[in-house]
2 protein chains.
Amino acid sequence: MSRAEFEPERRRSDSARAKGRLTFTRMDVIRAGTRLLDTEGVEKLSMRKLANTLGTGSSTLYWHVRDKDELLLLILDETLREVTVPAAGTWDVRLLETLVRCHEALLPRPALVDVLWRAAWELGPETLRVADALVGLVAESGLPDDEVGDSYMALITLLFGFVAGERTSPGNPRYSEARAEGETAGSVPPYPNLMRYAPGAGVQTMARQFRYAVERFITGIKLRVAEAEHERAAGAPRSS
Amino acid sequence: MSRAEFEPERRRSDSARAKGRLTFTRMDVIRAGTRLLDTEGVEKLSMRKLANTLGTGSSTLYWHVRDKDELLLLILDETLREVTVPAAGTWDVRLLETLVRCHEALLPRPALVDVLWRAAWELGPETLRVADALVGLVAESGLPDDEVGDSYMALITLLFGFVAGERTSPGNPRYSEARAEGETAGSVPPYPNLMRYAPGAGVQTMARQFRYAVERFITGIKLRVAEAEHERAAGAPRSS
DNA sequence: ACCTGAACACCGTTCAAGT
DNA sequence: ACCTGAACACCGTTCAAGT
């Protein structure tokens, strides 16, 4: 995998357009891809169908975009452009708020999570901007330096997971089925805990669950900070 | 999506085998699929290639298995069969240990996470057994009943995420690249926090990061339990 | 510089037909 | 009851050729 190209000006076809030729830009491809991703699902976003909505063959797209992965990465970067990081407030509320904004931005396009996971660190500037801000906010907690990366990883894992899992979560499909099954048949194991603690009557939105998860994790960080401070004061003295 | 069929006896071809015909069982298909998944990657596990290793055409597989999704679900269930839940100890260490065992079991086959996420609650008995145990352990924490499901979701999200992300994590590909980039070019934003808190010199294994994440979350749960108890004692309603 | 058509090498799934 | 071959309806990507 070589690097994706994120500079939008590099590939515009103004020159051709000026000459009167009908053509479209790299941004056109990105935008068309985004729209297709939003209206249909992931599985409907193929290079061929995308080319179709633009009125060309799929081979044309490969002039503007190296491959499908790069296209999705570009869509991801465009998606994260809208995420702003709050400037005021304590680190914990800013961190939570930023993550919630990321969650909101990504939720309509869960397919992007797969790319994100595959992409190691081949990310666009907007993605890196948000990532950098998140790492910074985690660092503000006062966590030992060598734990900042781990906590950041955990938080974005929660973020990605709660985006990717938007279909698994709500109380509808199987929780209730498992309960019914357990009550009726004696041959089937009952799974009492699943039955008992199934999501309550109210509608459980992913947003609520995500917020809850991040809140618990952040209090976990706070406790760890206090712990580490106590350790430093007692055991291994480090001059300040 | 109708239910997957998890009963192994239903589909064995002993009768045919008894008659001297050469044939294979549903379990053969599952095992061959597992082996193919382990030796090659996900992308190499196609129904056609799988059939090939068994010496047939792909259409044969559809007698034993409804579709590829069901096959992967069966492989998942087989994978989780090995996960045992420790019987002794406090809830927190048993919970952590169980999650670590799940992580170890799933790590060689990250592809299964995708199925898990798509499968809502159409899961096999082994998967449900482990899920039920995890929910039970979370409940033992003393968390308010209506928060058990949320905490469980958060924990399995961490589990899934740290399995799925096995490629993204280590310090190799881009962290260091981003640092180099930030140092050289003035035109490129530097991402100072990413550069500063990149995974340290030591090898960061997924296992370590996962353990760290779960530990922080569990202490978050403990703090929430104390909080909720205090609230109840004071007669106050729930906090946000 | 940008677009095109045809081709390559794949997929998952179905289905009539065989034994 | 179990297997087969052929076919359907797709994929992503490449590449020589056009303008």
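We name chains A, B, ... by the order of the sequence lines, and we start the count at 1 in each one.
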### Message
How close do B:P86 and B:T98 get, counting heavy atoms only, and between which atoms?
### Response
CD-OG1, 3.4 Å
### Task
Report yes if a side-chain nitrogen or oxygen of B:H64 is closer than 4.0 Å to either non-bridging phosphate oxygen (OP1 or OP2) of D:dC3; otherwise report no.
yes
## Note on the structure
Whole-Å distance, B:L61 CG to D:dC2 C1', equals 13 Å
### Task
Taking atom C1' in both C:dC2 and D:dA17, compute the distance separating them and give it to the nearest angstrom.
13 Å
### Query
Expressed in angstrom and rounded to an integer, what is the separation of B:E43 atom CD from C:dG12 atom P?
12 Å
### Summary
The complete set of ring-ring contact (aromatic ring centres under 6.0 Å, His included) pairs with one or both residues in residues 96-115 of chain B, sequence neighbours excluded, reads B:H103-B:F210
#### Entry: B:W63 side-chain N/O to D:dC3 phosphate OP1/OP2 under 4.0 Å
no
### Message
Measure NZ/A:K44 against P/D:dA9 and give the value in whole Å, please.
### Response
14 Å
### Query
How long is the span from the OH atom in B:Y62 to the CG atom in B:L71, to the nearest 0.5 Å?
9.5 Å
### Message
In whole Å, measure the gap between the P atoms of C:dA9 and D:dC10 for me.
### Response
22 Å
### Message
Output the rounded distance in Å from CG (A:D69) to C1' (D:dT13).
### Response
13 Å
### Query
Heavy atom of residues 45-52 of chain A under 4.0 Å from DNA chain D: which residues?
A:L45, A:S46, A:M47, A:R48, A:K49
### Contacts of B:R129 that satisfy salt bridge (Lys or Arg N to Asp or Glu O under 4.0 Å) - sequence neighbours left out
B:E126
### Message
List the residues meeting salt bridge (Lys or Arg N to Asp or Glu O under 4.0 Å) with B:R109, not counting sequence neighbours, and say none if there are none.
### Response
B:D38
### Query
At what distance, to the nearest 0.5 angstrom, does CG of B:L37 lie from CG of B:L45?
5.5 Å
### Query
Rounded to whole angstrom units, what separation is found between the CZ atom of A:F24 and the C1' atom of C:dA1?
13 Å
### Query
Given pairs defined as Watson-Crick or G-U wobble with both distances under 3.5 Å, what dot-bracket annotation applies to DNA chain D, with ( ) intrastrand, [ ] crossing, | other strand and . unpaired?
||.|||||...|||||.||
### Summary
Side-chain contact check for B:Y62: nearest option of D:dT14, C:dC3, C:dT13 is C:dT13
### Query
Which pairs count as salt bridge (Lys or Arg N to Asp or Glu O under 4.0 Å) when at least one residue sits in residues 95-104 of chain A, sequence neighbours excluded?
A:E97-A:R101
### Distance in angstrom units between B:R66 CZ and D:dC2 C1', rounded
19 Å
### Query
Would you say A:L112 and A:T79 make side-chain contact, with heavy atoms under 4.5 Å?
yes
#### Entry: NZ (A:K44) with more than 12 external heavy atoms under 6.0 Å
no
#### Entry: Proximal nucleotide (of D:dT13, C:dC3, C:dG5) relative to the A:S59 side chain
C:dG5
